[in-house]
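Structure first, commentary second.
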Protein chains: 2
Amino acid sequence: MREFKRKSRVLLIDDNADHLRGVKELVTLESSYDVVGATTSANIGINLAKKYRPDIILMDINMPEKDGLQAIQEIEKLDMDIKVIALSGYDDSDLIFRAMKLGAKGYILKTMASAQLIYAMDEVASGKVYLPTALTSRFFEYFQSSFKEDANKSAEENLLSYLTAREEEVLDLLTQGNNYKGIAGKLFISETTVKTHVNNIFQKLQVNDRTQAVLYALNNGFANRRHHRAAV
Amino acid sequence: MREFKRKSRVLLIDDNADHLRGVKELVTLESSYDVVGATTSANIGINLAKKYRPDIILMDINMPEKDGLQAIQEIEKLDMDIKVIALSGYDDSDLIFRAMKLGAKGYILKTMASAQLIYAMDEVASGKVYLPTALTSRFFEYFQSSFKEDANKSAEENLLSYLTAREEEVLDLLTQGNNYKGIAGKLFISETTVKTHVNNIFQKLQVNDRTQAVLYALNNGFANRRHHRAAV
DNA sequence: TTTGTCTTACATCTTTAGATTGAGATATCC
DNA sequence: GGATATCTCAATCTAAAGATGTAAGACAAA
């Protein structure tokens, strides 16, 4: 089965020449991967990526010359469907979070067994995202803590909870940049009625104008309270 | 080893009585878990949680009466260190994302093997976050796509890049809810000058009023561009 | 039935916001 | 030196937003 599959083209970027050599040997031994480039420079790596269009990049993100995270971002911007796997010596949750946020498809510790690196590459090559279990936990630790403030605000202190259903609808339209006329048209009510609702919203949210109301809504999880939306 | 460990107390919430019974039997068979409660009502479940302080809650999030996600949020608000594992029939990435965002420590599909449920409980009981590999991929799919717009927008299409330094300062103050007078006072310039800047901002961002300008700024990574901030 | 909340609506008035035009002072680039 | 861009300020005008008070109909709960 695997023989019929096209080999995945891999580019290696690691400022540590020794480690770079080691990984290169390791990957070269795998029949399903071709190493199309290996460099100790992030900048050169980005250029090689443009030139050779690899399927996967193994990127050390702890480099002095150029921040590896920045390199990931630049590669993602190319929009060439290159899957970046971050290599790092640290299991720092902030680093993991930022790498994944920038679009990395995997994050592997240098101390991990080489078999795990290959496994990660297999997973990523097949279109999945791969994080070792331990790092997934780390990631969520950070991810959830960054939302905790929002979620933990009790109903009493979240002024949004005082809004009526209709007021929420109006506020929702406000957070989409509508003026009175636009809201009136969308809700099929008169403009003066909208003014009434908006004024009530101001009172309840303790703000002075629509911009502040919108900001309050966005900063206090209004999107979650209502239907869907990206909300990140 | 496992004998010496205190049993984990588990609360089950699932509006489907049959499934609830099945899970209860399954968990009861495990020597390391005690089922301290089982109910088909989310509201009753929340009260049971307050009363019995379980270590883990298995929560069905597809319930008609009360939204399971909302229930998770309420339990998290209790701040009682209860680990919630979401049970769902769907591997919808939006659902997974929202559940994890609200603080769920795991997400299991009802169709998954019972062994996997127990494994997830073991992991979560030991303080980890557990997501089956397939769902982790789903999660990151959603997670990364929600950041893609921000990161991938090239400078040319991001209208924010056309703003001058001063205009960015003004916009920054706009995104804090200031009116003309407030901005003028903070920048030590006249109100009319602020009006000029604001009007130029409107032109460049192609919007009609300050609320739309603020929304454009927030939706296009303006915070990142300036001083960082949580940004999640 | 009464009480209360919500939704709708209008009038009136004051204050901001926004559009437009013009212009002087600096700094930079070529 | 001249073109260009930025930052500053002003006057003027129109449109929109916001504050305040009043009130009627619907509906649910007490």
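Below, read A as the first sequence line, B as the second, and so on, with proteins coming before strands; counting in each chain starts at 1. Side-chain atoms are counted along with the backbone in the values below, which use heavy atoms only and exclude waters and symmetry mates. Bear in mind that the values here come from a model prediction, so they are computed numbers and not experimental data.
With rounding to whole Å, B:Glu168 atom CD is found 10 Å from D:dC7 atom P. In this structure, B:Glu169 places its CD atom 13 Å from C1' of D:dT6, rounding to the nearest Å. Atom P of nucleotide D:dG18 and atom NE2 of A:His197 are separated by 16 Å, given to the nearest angstrom. If you take CD of B:Glu167 and P of D:dT6, they are 7 Å apart, rounded to a whole angstrom. If you measure from atom CD1 of B:Ile201 to atom P of D:dT8, you get 12 Å, rounded to the nearest angstrom. Protein atom CD1 of B:Ile189 is 12 Å distant from nucleotide atom C1' of D:dT6, rounded to whole Å. Atom CD of A:Glu191 is separated from atom C1' of D:dG18 by 13 Å (rounded to the nearest Å).
Residue A:Ser190 is in sugar-phosphate contact alone, with no base atom involved, counting any heavy-atom pair closer than 4.0 Å across all strands shown. Among the protein residues, A:Thr164 comes within range of the sugar-phosphate backbone only, with heavy atoms under 4.0 Å from sugar or phosphate atoms but none that close to a base.
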Between the protein and nucleotides 11-16 of chain D, are there any N/O to N/O pairs under 3.5 Å, and if so, what are the atom names and distances?
none

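Nucleotides of DNA chain C that come within less than 4.0 Å of any heavy atom of chain A span, from the 5' end to the 3' end, C:dC6 to C:dC10.
Contact annotation: the side chain of B:Tyr130 approaches that of B:Gln116 to within less than 4.5 Å [non-hydrogen atoms, C-beta and beyond]. A 4.5 Å side-chain heavy-atom check between B:Asn62 and B:Leu95 finds at least one atom pair inside the cut-off. At least one side-chain heavy atom of A:Asp172 sits less than 4.5 Å from a side-chain heavy atom of A:Gln176. Looking at heavy atoms from C-beta onward, B:Leu131 lies in side-chain contact with A:Phe140 at the 4.5 angstrom threshold.
Within the model, atoms CG of B:Asp91 and OG1 of B:Thr111 stand 8.0 Å from one another, a figure rounded to the nearest 0.5 Å.
The ring of A:Phe202 has its center no closer than 6.0 angstrom to the ring center of A:Tyr216.
Positionally, the nearest nucleotide of DNA chain D for B:Thr193 lies more toward the 5' end than for the other of A:Val198 and B:Thr193.
Considering B:Leu173, B:Ile189, B:Leu171 as possible partners of B:Ile183, the one that fulfils the side-chain contact (heavy atoms from CB on, under 4.5 Å) test is B:Leu173.
Under the 3.5 Å distance criterion, the side-chain polar atoms of B:Lys83 are left unmatched by any main-chain donor or acceptor of B:Asp81.
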**OP:** Walk me through it: do B:Phe143 and A:Phe97 pass the test ring-ring contact (aromatic ring centres under 6.0 Å, His included)?
**Re:** CA-CA 11 Å; B:Phe143 174 74; A:Phe97 183 80; 5.6 Å; yes
